[in-house]
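Working notes for the structure below.
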Amino acid sequence: MVSLDNPHYQRECPVEEELKEKELKKLRRDLEREKNKRKYFESQYKNLFDRSLVGSFKITEQGNYIEVNGALTNLYGYNSPKTFLNIVKHHPEKLYSNLQQYKKFIEILKEQGEITEFPLQVYRQDGNQIWVSQTAFAVKDEENNLIYYEGFVVAKNESDALASPPETAHQNIENIDLEKEQLKEQLKQAQEQLLKQEKLSSLGQLVAGVAHEINNPVNFVCGNLIPANQYSEDLIHLIQLYQKHFPDPPEEIVEEAEEIDLEFLIEDFPQILNSMQMGTERISKIVQSLKHFSRLEDQHLSPVNIQQGIESTLMILRPRLKAKGTYPGVEVIKDYDGLKDRIIGFGGLLNQVFMNLIGNAIDAVEEKFRTSKEDDEPSNVPGKPTLWITTTQEGDWATVSIRDNGKGIAEEVRDRIFDSFFTTKPTGKGTGLGLSISHEIIVTKHHGTLDCHTTPSQGTEFIMKIPLIHPEA
């Protein structure tokens, strides 16, 4: 047995050497990149909050205002959210004419976690009173602890709504009622996406730590396998020499050889060592894929290996590609020959696009070819679930095509697939942000294009075109 202190541990290994200081610095930069991405989601969420035509607010558990948007301050006659907060933040009596009724609103919100269209009478800044209805819900963290209450407010009738400044007076009351329902759902989904991003940030740190910890024992095993293979060959050769020069060993040795099945042992032992070698290489590839995928680019552009990004994504999605029951699994046909050069861009963000598009393609072929959750009966759909991934290079542009033979996209929703929060997936399975974020990354971040070609019942193809050298590089 070779110990961790043994010089064999220092042998060169074809799997991966221990992380050096340079890699550790890179991991620290990756954590900073993760923070930058979280800021991106927060800005998207805040933009939705601020630009809504429905008055939106955030309050503490005690009912004190934390944040309001422009539509709310317009409704109440204030010139800005800052002015409103300065006056009302810790003094709800300056807004609500019946403070006991507002306290009842908070009590119900605490008990039930949400409340819909609760009527309240409020003072506008000019002293006039209007009736409004408030809807709110609890926003919690991953441990189910309350962060704040979030909600929106609308005037109870048309005359009250028109009492707000001219900027919002033209809004049709029916449209406002429809938007407030949509806003509630969008705010919840955006909050879920922020919590998911927080989980991804934690996952990035976990992956970095796990990669470092796994590398040590993998290198140890790999470093010991090299001399172990040599030792086994030497010992087997020595046994064979004994058998050659001493063909008639004592009875005790004959019995022991039969007991341990020496011939099988000599044949099988090298194969076991080879399997262990393959296992360590497999572990290393998985760790490398996780490290590569979890890396999120910061503001600095860098060379990006498109093929490596796609391969790391496929490695992570590998369990979803496998056969299960009567479901045959997904065949992936790859053609990378057309792309000769690396591009200059944001590798981590492109990895996110690959994850979204390939994940959606897998969903599409599963829905078409998998007959039931239990897979207890074969599908009667002809063909096999297949993905085609192709990279090409035309002039100064790189093109990536991800095509599937899934269910396709219905014509009536095709024009909305890149809209934020729009999804055709069942409740709880999709947030409606994957394609909109992918479009933002390709078009805005990389100055490229992302197009979709689809035929119902036959499949869908997403084609992204990215300049080889980023315009800002």
Inset, instruction - Could you grab the distance from atom OG1 of Thr391 to atom CD1 of Ile466, nearest 0.5 Å is fine? - result: 11.0 Å
Legend entry - Check: Asp396 and Ile469 side chains under 4.5 Å, non-hydrogen atoms: no
Inset, instruction - Go through the steps to decide whether Leu349 and Ile442 satisfy the test side chain to side chain contact (heavy atoms under 4.5 Å, CB included), and finish with yes or no. - result: CA-CA 9 Å; Leu349 295 180; Ile442 298 299; over 6 Å; no
Legend entry - Heavy-atom check, side chain of Lys334 versus side chain of Gln307, under 4.5 Å: no
Legend entry - Check: Ile389 and Val332 side chains under 4.5 Å, non-hydrogen atoms: yes
Inset, instruction - Identify the heavy atoms of Gly63 and Ile106 that sit nearest to each other, and give their distance. - result: CA-CD1, 3.7 Å
Legend entry - pair Val68-Thr73: side-chain heavy atoms closer than 4.5 Å: yes
Legend entry - Distance-minimising heavy-atom pair for Ile59 and Tyr148: O-CB, 3.4 Å
Inset, instruction - Report the residue from Asp451, Leu357, Ile306 that forms a side-chain contact (heavy atoms from CB on, under 4.5 Å) with Met464. - result: Leu357
Legend entry - Test item: Val154 and Thr135 side chains (from C-beta on) under 4.5 Å apart, heavy atoms: no
Inset, instruction - State the CE-OG distance between Met355 and Ser438, to the nearest 0.5 angstrom. - result: 11.0 Å
Inset, instruction - Rounded to the nearest 0.5 Å, what's the gap from OH on Tyr65 to CZ on Phe57? Could you check? - result: 5.5 Å
Legend entry - Note, Val122 side chain near Ser97 side chain (heavy atom, < 4.5 Å): no
Inset, instruction - For Leu468 and Gly395, work out which heavy atoms get closest and say how close. - result: CD1-O, 3.6 Å
Inset, instruction - Take the angle between the ring planes of His446 and His470 and call it parallel below 30°, perpendicular above 60°, tilted in between. - result: perpendicular
Inset, instruction - May I ask you to decide if Ile130's main-chain N or O and Arg124's side chain share a donor-acceptor pair within less than 3.5 Å? - result: no
Legend entry - Side-chain (Ser133) to main-chain (Phe118) donor-acceptor, under 3.5 angstrom: no
Inset, instruction - Give a yes or no on whether Asn145 atom CG has more than 12 heavy-atom contacts from other residues, nucleotides or ligands under 6.0 Å away. - result: yes
Legend entry - Test log, rule side chain to side chain contact (heavy atoms under 4.5 Å, CB included), inputs Glu93 and Tyr102: CA-CA 9 Å; Glu93 69 277 3; Tyr102 179 64; over 6 Å; no
Inset, instruction - Please check if any side-chain donor atom of Glu461 sits under 3.5 Å from a side-chain acceptor atom of Ser401, or the reverse. - result: yes
Inset, instruction - May I ask you to check whether over 12 heavy atoms, not counting those of Gln101, lie within 6.0 Å of atom CD? - result: yes
Legend entry - Check: Thr444 side chain, Ile441 main-chain N or O, donor-acceptor pair, under 3.5 Å: no
Inset, instruction - Provide the closest heavy-atom pair for Pro385 versus Gly329 in the form atom of the first, atom of the second, distance. - result: CG-O, 3.1 Å
Inset, instruction - Please report the shortest heavy-atom distance between Val153 and Gln134, naming the atom on each side. - result: CG2-CG, 3.8 Å
Inset, instruction - Examine distances only and state if a side-chain atom of Ser302 and a backbone atom of Phe346 form a donor-acceptor pair shorter than 3.5 Å. - result: no
Inset, instruction - Looking only at non-hydrogen atoms, find the nearest pair between Phe369 and Asn405 and report the distance. - result: CE1-O, 3.5 Å
Inset, instruction - Any chance you could measure Ile409, atom CD1, to Thr460, atom OG1, to the nearest 0.5 Å? - result: 4.0 Å
Legend entry - Salt-bridge contact Asp404-Lys368 (side-chain N to carboxylate O under 4.0 Å): no
Inset, instruction - Decide side chain to side chain contact (heavy atoms under 4.5 Å, CB included) for Thr390 and Val400; before the verdict, give the C-alpha distance in whole Å, the side-chain angles of both, and the deciding distance to 0.1 Å. - result: CA-CA 6 Å; Thr390 306; Val400 179; over 6 Å; no
Inset, instruction - Report yes if some heavy atom in the side chain of Pro303 is under 4.5 Å from a heavy atom in the side chain of Ile343; otherwise report no. - result: no
Inset, instruction - Report yes or no: do Glu311 and Tyr336 form a side-chain donor-acceptor pair below 3.5 Å? - result: yes
Inset, instruction - Without swapping roles, check the side chain of Asn69 against the backbone of Gly55 for a donor-acceptor pair under 3.5 Å. - result: no
Legend entry - N/O donor-acceptor pair under 3.5 Å between Asp337 side chain and Leu339 backbone: no
Inset, instruction - Kindly say whether Lys407 contributes a backbone atom to a donor-acceptor pair with the side chain of Ser457 at under 3.5 angstrom? - result: no
Legend entry - Beyond-backbone contact of Ile358 with Leu314, side-chain heavy atoms, under 4.5 angstrom: yes
Inset, instruction - May I ask you to check whether over 12 heavy atoms, not counting those of Lys110, lie within 6.0 Å of atom NZ? - result: yes
Legend entry - Backbone N/O of Asn64 and side chain of Thr60: donor-acceptor pair under 3.5 Å: yes
Inset, instruction - Show the numbers, then the answer: is there a side chain to side chain contact (heavy atoms under 4.5 Å, CB included) between Phe462 and Asn360? - result: CA-CA 10 Å; Phe462 282 92; Asn360 284 348; 5.7 Å; no
Inset, instruction - Assign the ring pair Tyr78 / Phe84 to parallel, tilted or perpendicular, where the plane angle (0 to 90°) is split at 30° and 60°. - result: perpendicular
Inset, instruction - Starting at OH of Tyr149, measure out to CD of Gln62 and round the result to the nearest 0.5 Å. - result: 9.0 Å
Inset, instruction - Supply the atom-to-atom distance Gln121 CD to Leu95 CG, rounded to the nearest 0.5 angstrom. - result: 11.0 Å
Inset, instruction - Using atom types as modelled and distance alone, determine if a side-chain donor or acceptor of Thr83 lies under 3.5 Å from a backbone N or O of Asn79. - result: no
Legend entry - Donor-acceptor contact present, side-chain Thr386 to main-chain Glu331, <3.5 Å: no
